[in-house]
Each structure stands twice: as C-alpha cells, then as structure tokens.
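Order of appearance sets the numbers: ligands from 1, and atoms from 1 within every ligand. In this text, all values refer to a predicted model and were calculated from it rather than measured experimentally. Just so you know, residue 1 is the first one in the sequence shown, and it goes up from there.
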Amino acid sequence: MQRLSLTRPDDWHLHLRDGAVLHDAVPHSARQFARAAIMPNLQPPVTTVADALGYRARILAALPAGLAFEPLMVLYLTDGTAVEEIRRAAEEPRVLGWKLYPAGATTHSAAGVRDLARLYPVLAAMERHGVPLLVHGEVADPGVDIFDREKVFVDRHLSPMVAHFPELRIVLEHVTTREGVQFVWDSGPRIAATLTAHHLLYNRNALLAGGVRPHFYCLPVLKREHHRQALLEAATSGNPKFFLGTDSAPHPRRQKESAVGCAGCYTAPAALELYAAAFEAAGALDRLEAFASFHGADFYGLPRNRERIVMERRPWSVPERLPFGDQEAIPLLAGQTLEWRCAGMA
Ligand SMILES: [Zn+2]
C-alpha cells in the first residue's frame, strides 16, 4: 500500500502549553487533527470554565489561517473544585471534561488531588451531569515502584471508583500496562482508554539501553515489551474503547537534556505518522482509521469528522529540532526516518 485516505482524526490527549510557544506547538497538531482534548496542566492550572475559555482563545489566536482546528478544553480537578463549577462545565460545549491528576504524579501536577475520597461529591456531580472524567492513572506514592504505579492506581483507586459511579464516563489516559488495558477491556462501555504512539512503538529499552535518552522519558514511563504488546493488541483490536491520544508534551530542550529532565515526548510534529508506523508493524493499517478517527468521537458523543486526510508512503526525516518560543524543542525521533507522511486534506 502506498497511499492511505482516512477520515480526519482527533487527538484525545494533547499538551499545547501556553504563551509564545503556542505559535510553535499549535500548527503541528492542527495540520493533522480536526479536534484535540487540551490538557489543563498549565502553571497555574486551568481550573474554571472561564480559565479554559481564555486559554482556548489564546490557542485559536495561534492557529495559522486556513486551518480548521477545534480545541476541546479539559479542566483540572483540585481538592478545591466546587460542585457548582462541574455544573457550569456541563453546560459549556467547548469543555470536554475534567482531568484527574493525583498530586505529584507528573509535570505540573502539584495542585492535583491529594485525597480521592474527598473528591467523591465532585465525581457524583460529574456522573449526574454526564461530564467525562479523564484520569492520569498513576499513584504518586513514593513507596510504589515507578513501573508499578499504573497497576497500583487501577487496583487501589480506579476499580473502586468505577464500582461506585457506574454511570460516570472515565478515560484511563495514556494506558501503558497489560493490567490497565485488561481493566478497560473488562469494564463496561463507559470506561475507555487513550493510547500514545510512543507507548505503542517503544518499550523501556528505548529510554535506558545504551545510555539515558531523555527524549523518550515520559510519564507514565515506558514499560516492558509484554506491556507494549498488550497496548498494540488493544489499539489494533477494533475495540471502540481504545482510541488515539498522543500525549504530545513539548518542553524546551534544556529542560529535557538536564540532570533532572522533564517528562514528556514531543510527538505532535509526526503524530499520525508514528501511529501509522505502529499499526503497519502490527499488520493493521486497515484498523488505523477507526482508532484515530471514530472511536474517540463516538465515546464522547460527538459527530465524526467529515473531511479526509491523505497519507503517503514517502520516507522523510523528522526535523532535528524545532523552534519553541525563544528556545528549541526536540521532537521524538529527531533526525530519523519515518515511512508514512501526511500529504494534506483530501
Ligand atoms: Zn498528558
């Protein structure tokens, strides 16, 4: 196959950052994706509908003319989130849902939730108003090994939450383990998961073998090969509970290549191309469209996109570096060759 035409996809998990770098980050996503779920872990975090709409306007101001792109805003749950704000979010179509970051789990999560039990009245309001919950599914407990933090979160927190709120729609974001995938697989239709391209393509050797490779460092961290196989099986299974979310998360190069490097892989500049590589390696290119363009929209009850995007087998090199405000950012696989390339809208 040399050419692939698919319904324009959506990215159900994206970090665009804020300020001057929006002009560098937004076009990469808008070139491919019609819509994206915009993560709220700015400093300070996006905790109200008013904050989210302000952020959305800044994103749209950075959108190049001629590109259609709809940011769907995600709000940040804190210990202080008011039930009233949940209702307000439910009435705002530009807000997609709320994100749960356990405090300390990842980049800019210090304001996240410390005590999940105290969040239950807020979750009850979300269930009542039909507002989805997007979850960073890792415990931040320093006593738990970093490679086990997702599994422990699923057992300790997600499983009871799902049992307690049977009507609440929950997305286990960037699922990375066999156990996480299995949980989603075994749960009802209200429980779904996003999968990143980098977790489909790489295991933890990419991060650690032959030297520490900071551009492969993300949270949840890359796992063992048998976990990657489980993710790939889920993504290519056709099961509508699994869909595309890049978790593209740019940082200035200096903050990645550092004694304490930040978590996040910058995949937006080659997002769909990376997924195509993963699906092709699994012999499942014919399943890419449903995963990238249908399942997420269906889960969120939004219309599927109508435009089409064309991909061609035309090997190209990922740029070595990209402008990022007054600094630079290094995309995943910088300088390496990818087989598939987005050729534009059909
Ligand atoms: Zn993320």
Side-chain angles (χ1 to χ4, degrees), residues 10-18 21-22 25-26 28-29 33 35-47 52 55 59 71-78 95-113 132-140 146 149-150 153-154 158 170-177 180 184 192-202 207 214-223 231 235 242-252 255-256 261-271 274-275 296 300 324 329 331-332:
D10 300 306
D11 182 352
W12 297 103
H13 189 127
L14 177 63
H15 299 268
L16 288 174
R17 312 310 186 195
D18 200 2
V21 303
L22 284 175
V26 171
H28 292 298
S29 295
F33 298 105
R35 296 171 289 202
I38 309 299
M39 292 299 139
N41 58 335
L42 306 179
Q43 278 184 315
V46 178
T47 56
Y55 183 27
I59 292 168
L72 296 168
M73 308 312 291
V74 178
L75 278 72
Y76 192 115
L77 284 171
T78 71
V95 168
L96 183 70
W98 290 79
K99 178 79 181 279
L100 168 59
Y101 290 99
T106 188
T107 305
H108 300 165
S109 63
V113 172
L133 173 69
L134 290 65
V135 178
H136 182 114
E138 288 192 293
V139 293
I146 190 164
R149 288 180 180 189
E150 182 174 289
F153 183 90
V154 168
L158 188 58
I170 300 177
V171 183
L172 178 55
E173 297 293 333
H174 42 54
V175 63
T176 62
T177 59
V184 172
T194 54
L195 290 147
T196 80
H198 47 288
H199 289 98
L200 292 176
L201 285 167
Y202 300 103
L207 171 66
H215 298 291
F216 285 91
Y217 176 59
C218 57
L219 286 173
V221 73
L222 293 172
K223 302 295 194 301
L231 306 184
F242 297 100
F243 44 84
L244 186 155
T246 62
D247 197 18
S248 176
H251 289 280
Q255 290 177 28
K256 290 289 291 175
C262 291
C265 295
Y266 191 18
T267 52
L274 289 164
Y275 283 102
Y300 282 110
F324 195 63
L332 195 76

Answer yes or no as to whether an N/O/S atom of [X] is found below 2.8 Å from the Zn ion (ligand 1).
{"X": "His174", "answer": "no"}
{"X": "Glu173", "answer": "no"}
{"X": "His15", "answer": "yes"}

Legend entry - Partner of Pro102 by side chain to side chain contact (heavy atoms under 4.5 Å, CB included), out of His136, Arg149, Glu138: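 One option only clears the test, and that one is His136.
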
Inset, instruction - Apply salt bridge (charged side-chain N to carboxylate O under 4.0 Å, His left out) to Asp11 and list each qualifying residue two or more places apart in sequence or on a separate chain. - result: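 None.
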
Legend entry - Validation row: Arg17, Asn41 side chains within 4.5 angstrom (heavy atoms):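 Yes - at least one pair of side-chain heavy atoms lies under 4.5 Å apart.
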
Legend entry - Parallel, tilted or perpendicular: ring planes of Tyr202 versus Phe216, cut at 30 and 60 degrees: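 Tyr202 vs Phe216 ring planes: perpendicular.
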
Inset, instruction - Please find the N/O/S atom of Asp247 nearest to the Zn ion (ligand 1) and write down its name. - result: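 The Asp247 atom nearest to the Zn ion (ligand 1), restricting to N, O or S, is OD1.
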
